[in-house]
Amino acid sequence: MKKPTIFFALVCLVAVLVWHIGRTAPDLALLRTYLEAFAEQKAQSPFLVATLFFLTYVAVTALSLPIAVWLTLAIGALFGFGWGLVLVSFASSIGATLAFLVSRYLLSDWVHERFGSRLTAIDEGVRRDGAFYLFTLRLIPVVPFFAINLLMGLTPIRATTFYAVSQMGMLAGTAVYVNAGTQIGRLESISGIVSPQILLSFALLGVFPWLARFALGLVKRRRVYARWKKPARYDRNLVVIGGGAAGLVSAYVAAATKARVTLVETHRMGGDCLNFGCVPSKALIRSAKLAHQMRTAGDYGLEPAAPVIGFRKVFERIRQVIAAIEPHDSVERYEGLGVEVLQGRARIVDPWTVEVHFDDGSARRLTTRSIIVATGAAPFIPPLPGLDDVSHLTSDTLWDAFAERDEAPRRLVVLGGGPIGCELAQSFARLGSAVTQVEMLPRVLSREDSEVSEFARRTLEADGVRVLTGHRAIACGVTGSEKWIDLDSDGVTSRVVFDDIIVAVGRAARLHGFGLEELGIPARRVIETNEYLETLYPNIYAAGDVAGPYQFTHTAAHQAWFASVNALFGFVRRFRVDYRVIPWATFMDPEVARVGLNEQEARERGIAYEVTRYDLADLDRAITDASAAGFVKVLTERGRDRILGVTIVGEHAADVLSEFVLAMKHGLGLNKILATIHTYPTLAEANKFVAGEWRKAHVNPVVIAWLERLHAWRRGR
Ligand SMILES: Cc1cc2nc3c(=O)[nH]c(=O)nc-3n(C[C@H](O)[C@H](O)[C@H](O)COP(=O)(O)OP(=O)(O)OC[C@H]3O[C@@H](n4cnc5c(N)ncnc54)[C@H](O)[C@@H]3O)c2cc1C
C-alpha cells in the first residue's frame with residue numbers, strides 16, 4: 001500500500017474515534033465518578049495506574065483524540081501537581097513526536113514531490129527559525145495541537161528539536177490544566193480553566209523568544225563592535241572596495257541616490273569581466289567562430305576556405321573590443337556620475353575606516369558608515385606538482401601572454417572542463433591549436449544534464465579537441481625542451497606533451513590582505529554573509545564573486561543592488577537578496593543556456609517534474625541558418641503549467657532564454673508563451689513551439705473525443 005493511502009486510512013480511523021468520542025462526550029460529573037474508582041486502584045498499585053495513564057496519554061496525543069484535556073485533569077486529580085505535570089508533560093511530548101514522525105514517514109516525501117519548489121522557502125524558513133516558530137505556536141494556541149504535529153512533520157525540523165521545543169512550549173499550558181485537575185472538586189466548567197488573562201500571558205510568552213532573539217541580536221552587535229572605537233561622524237556614506245561589476249553597480253546606486261560614495265580599485269576599472277573574463281573571452285570566441293565558418297562555408301553554398309589566422313591580430317582585436325567597452329566602466333564616467341574614484345589598494349582597518357594605499361607609497365584614511373567588499377575572485381591554482389615549472393597560463397594572464405605571439409600555441413592543454421575551460425578549448429582549437437582538454441569528472445559541464453554534457457563533448461570533438469574526461473592531473477614537468485603533464489585514469493597513467501597549458505579549474509574568492517582576517521570576518525571559501533549580504537559586521541557588506549554563491553557578472557550586479565540599498569537605507573528597510581530566477585550561459589558554439597532547475601537538480605531535490613523538448617532541427621530559422629543542432633528542454637511541475645527550469649542548447653541560446661527568464665520571474669507559464677506572437681522566422685520561435693509541445697501533451701482526450709463527435713454531427717453523420 002502507498003504511504004499516503006496508509007495515512008488516509010489512519011485519518012479515517014481517527015475520524016471514527018473522534019465521532020464516537022463526540023457522541024459520548026464526558027463531563028465533569030462523569031469524570032469525578034471515574035476518578036473515585038481510579039483512586040482506589042491507585043491506592044493499591046500506584047505504579048501500574050501511572051503507567052496506564054501515561055501510555056493512554058501517549059496514544060491519545062499521538063492519535064490527536066480530543067480527550068487530552070480530560071486525561072490531564074484526571075492525572076492532576078490523581079497524582080497531584082508535581083507528578084501529574086511530569087506524567088503529562090512527557091506523555092504529551094512523546095505523543096506529539098509520534099504523530100510528527102508518522103506524518104514525516106507517511107506524507108513528507110509525497111508532499112515534497114508534489115509541491116517541492118513551492119515549499120523551498122518554507123523549508124528554508126523552518127531550517128533557520130523552526131524552533132522559534134514551533135515554540136510560539138505551542139504557547140499561543142491559534143493552530144490546533146494535532147495540526148502543528150502533522151505540519152511540522154512535513155518540514156525539515158529535526159525530531160529531537162521538535163520534541164524538546166514541544167515539551168518546553170507546552171509546559172505552561174500543561175501546568176495550568178494539571179493544576180486545575182488538582183482542584184477538580186471545585187471546578188465548575190472546562191472553559192473556566194483558562195481565563196483571558198492566562199491566554200494573554202501565553203501570548204506574551206509566545207512572543208518572548210522573538211523579543212529575546214532581537215535583544216540577543218543587539219547584544220551580539222554590540223559585542224562585535226565592542227573592541228572598535230566608532231567615529232563621531234563619517235566622511236562618507238559608503239566606501240566600495242573593487243571596481244568590477246559588483247563594485248561599479250554599488251557605487252552607481254549610491255551616487256544615483258545622492259550618497260557620498262568612494263570606489264577604490266587597485267588594478268583595472270571594470271574588474272575581471274571587462275579585462276580578463278566575459279569581454280575578452282567573447283571577443284576571442286567571435287574570431288574563432290568566424291574561422292570555423294570559413295572552414296564550413298560549404299554548408300552555405302560557398303567555397304570553404306582555410307582561414308589564415310593572424311593570431312596577434314586576433315588579440316589586437318580583443319584589446320580594441322576592451323577599449324571600446326572601457327568607457328562604460330571608466331574613472332571619468334563614474335566621477336561624472338558623482339562617485340569619488342580612488343586608484344589604490346584598499347584595506348579595512350576598522351568597521352568604519354578604510355585605508356587606501358597608492359602606488360606612490362602614500363596612504364589615505366576614509367571614514368564611512370558602510371563598506372561594500374566587492375573584491376571578486378581569481379583563478380584557482382591547484383596544488384599540482386611541477387605546475388610552476390611549466391609557466392602555466394590562466395584567464396588572468398593568457399590575454400597579455402598571447403598578445404605577444406604570432407601563432408596559436410601548437411599543442412595546448414586546457415585543464416578544466418567547466419564553462420571557461422570549454423569556451424577556451426573550443427576557441428583555441430578553431431584558431432589552430434591541437435587542444436587536449438582534461439577534466440577529472442566523468443563529463444564536461446558537469447552541472448548540466450548528461451545529454452547537455454554529451455552534446456558539448458561531441459561539439460568539442462567535432463572542432464578537433466581531444467577531450468579527456470575522468471582524467472586527473474597528477475604532475476607536470478619539463479624534460480629536455482618538452483613540457484608534459486601526467487594524467488591518471490582509473491589507475492592508468494598517461495602523458496600529454498604540450499607547448500602551453502591554461503589552468504581553468506575554477507575561481508577562488510579574493511579574501512586575503514585587505515583586513516578581513518584582522519576584523520575576524522568569517523570567510524572560508526567566500527565571505528560569509530546573511531540574506532541581506534551583511535557580514536559579521538552589519539555595516540560591512542559583500543557582493544559579487546567574493547560573496548558567492550554564483551560567479552557571474554549579472555549576479556554580481558544583482559547582489560550589488562541589494563548590498564548598496566541595504567547599506568544606505570537598511571535603517572529603514574532591509575531587502576533579502578533574491579536568488580529565485582538566475583540564468584547563465586556557456587558561450588560555446590552552439591551555446592548552452594539555463595535558468596532554474598535541470599533534471600539532475602530536480603531529481604536531487606525530489607521534485608516531481610515533466611520534461612517537454614523541442615528539437616531545433618524542426619525550426620525554420622535554425623534550418624535557414626544551418627544552425628539546427630540543439631534543443632529546448634523545459635521542466636514543468638507535474639500536471640501544472642509552472643516552469644521549473646529551462647535548458648537551451650543552440651545558436652544564441654543565451655538570448656533566446658530571456659523569454660523564459662521573464663516568464664519564471666513573473667510566474668508566467670507555457671500557455672502564456674504559446675499565446676504570445678513570436679516574429680517569424682526567429683530562433684525565439686522555438687520557445688513557442690516547445691510550449692505547443694507541452695500543450696499538446698496536456699490536451700484532454702475526452703474533450704477531443706467529444707469534439708470529433710461534434711464535427712461528425714455537424715457533417716450530418
Ligand atoms: C574567462 C572568463 C569568462 C567569463 N565569462 C563570463 C560570462 O560570459 N558571463 C558572466 O556573467 N560571467 C563571466 N565570467 C565571470 C565574471 O567575470 C565575474 O563573475 C565577475 O567579473 C564578478 O564581478 P565582481 O565585481 O564580483 O569581481 P571582479 O570583476 O573580479 O572585480 C573585483 C575587483 O576588485 C579589485 N580589488 C580586489 N582587491 C582589492 C583591494 N583590496 N582594493 C581595491 N580593489 C581591489 C580587483 O582588482 C578587481 O578589479 C567570466 C570569468 C572569466 C575568468
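None of the values given here were measured: they were computed from a predicted structure. In each ligand, atom 1 is the first atom listed, and ligand 1 is the first ligand listed. Basis for what follows: all heavy atoms, side chains included, without hydrogens, waters or symmetry-related copies.
Side-chain contact between I673 and F660 is present, with heavy atoms from C-beta onward closer than 4.5 Å. Counting only heavy atoms from C-beta outward, the side chains of H392 and L384 never approach each other to under 4.5 Å. Within the 4.5 Å cutoff, no side-chain heavy atoms of N539 are placed close to those of R369.
Listed for the T529 side chain is no donor-acceptor partner under 3.5 Å among the backbone atoms of A542. For the pair Q426 (side chain) and A456 (backbone), a donor-acceptor distance under 3.5 Å is absent.
Contacts between F514 and ligand 1 below 4.0 angstrom, taking non-hydrogen atoms only, involve the side chain exclusively. Under 4.0 angstrom from ligand 1, the non-hydrogen atoms of S281 all belong to its side chain. For R507, every heavy-atom contact with ligand 1 shorter than 4.0 Å involves the side chain, none the backbone. When heavy-atom distances to ligand 1 are checked against a 4.0 Å cut-off, F587 comes that close only through its side chain, counted from C-beta outward. If you look at R268 next to ligand 1, the close heavy atoms, those under 4.0 Å, all belong to the backbone.
For the pair E265 and ligand 1, the shortest N or O to N or O distance falls below 3.5 Å. The distance criterion of under 3.5 Å between nitrogen or oxygen atoms is met by A245 with respect to ligand 1. For F552, a nitrogen or oxygen atom sits less than 3.5 Å from a nitrogen or oxygen atom of ligand 1, counting backbone and side chain alike.
Closest protein heavy atom to atom 11 (O) of ligand 1: T553 N, 2.8 Å. Ranking the protein heavy atoms by distance from atom 6 (C) of ligand 1 puts C278 SG, 3.4 Å first. Atom 26 (O) of ligand 1 has its closest protein heavy atom at D545 N, 2.8 Å. Of the protein's heavy atoms, A246 N, 2.9 Å lies nearest to atom 25 (O) of ligand 1. In terms of protein heavy-atom proximity, atom 28 (P) of ligand 1 is nearest to D272 N, 3.7 Å. Nearest protein neighbour of atom 41 (N) of ligand 1, counting heavy atoms only, is A346 O, 3.1 Å. For atom 36 (N) of ligand 1, the nearest protein heavy atom (residue, atom name, distance) is T266 CG2, 3.8 Å. Given atom 34 (O) of ligand 1, the protein heavy atom at minimum distance is G242 CA, 3.2 Å.
With respect to R594 and E448, a salt bridge is recorded, a charged nitrogen being found less than 4.0 Å from a carboxylate O. D463 and R295 are not joined by a salt bridge, as no carboxylate oxygen comes within less than 4.0 angstrom of a charged side-chain nitrogen. Salt bridge annotation for R312-E316: absent, with no cationic side-chain nitrogen under 4.0 angstrom from a carboxylate oxygen. For the pair R510 and D272, the salt-bridge criterion is met [side-chain N within less than 4.0 Å of a carboxylate O].
In this structure, M269 has no heavy atom closer than 4.0 Å to ligand 1. Heavy-atom separations between G344 and ligand 1 include at least one value shorter than 4.0 Å.
Note: L274 CG to I325 CD1 = 6.5 Å, rounded to the nearest 0.5 Å.
Close approach of ligand 1 to V264 (heavy-atom distance below 4.0 Å) involves ligand atoms 43 (C), 44 (N). Heavy-atom contacts of A374 reach the following atoms of ligand 1: 32 (C), 33 (C), 34 (O) (cutoff under 4.0 Å). Listed by number with element, the atoms of ligand 1 under 4.0 angstrom from any heavy atom of K282 are 5 (N), 6 (C), 7 (C), 8 (O).
Taking the six-membered ring for Trp and thresholds of 30 and 60 degrees, F631 and F455 have ring planes more than 60 degrees apart, a perpendicular arrangement. Using cut-offs of 30° and 60° for the angle between ring planes, the W584 and F552 rings count as parallel.
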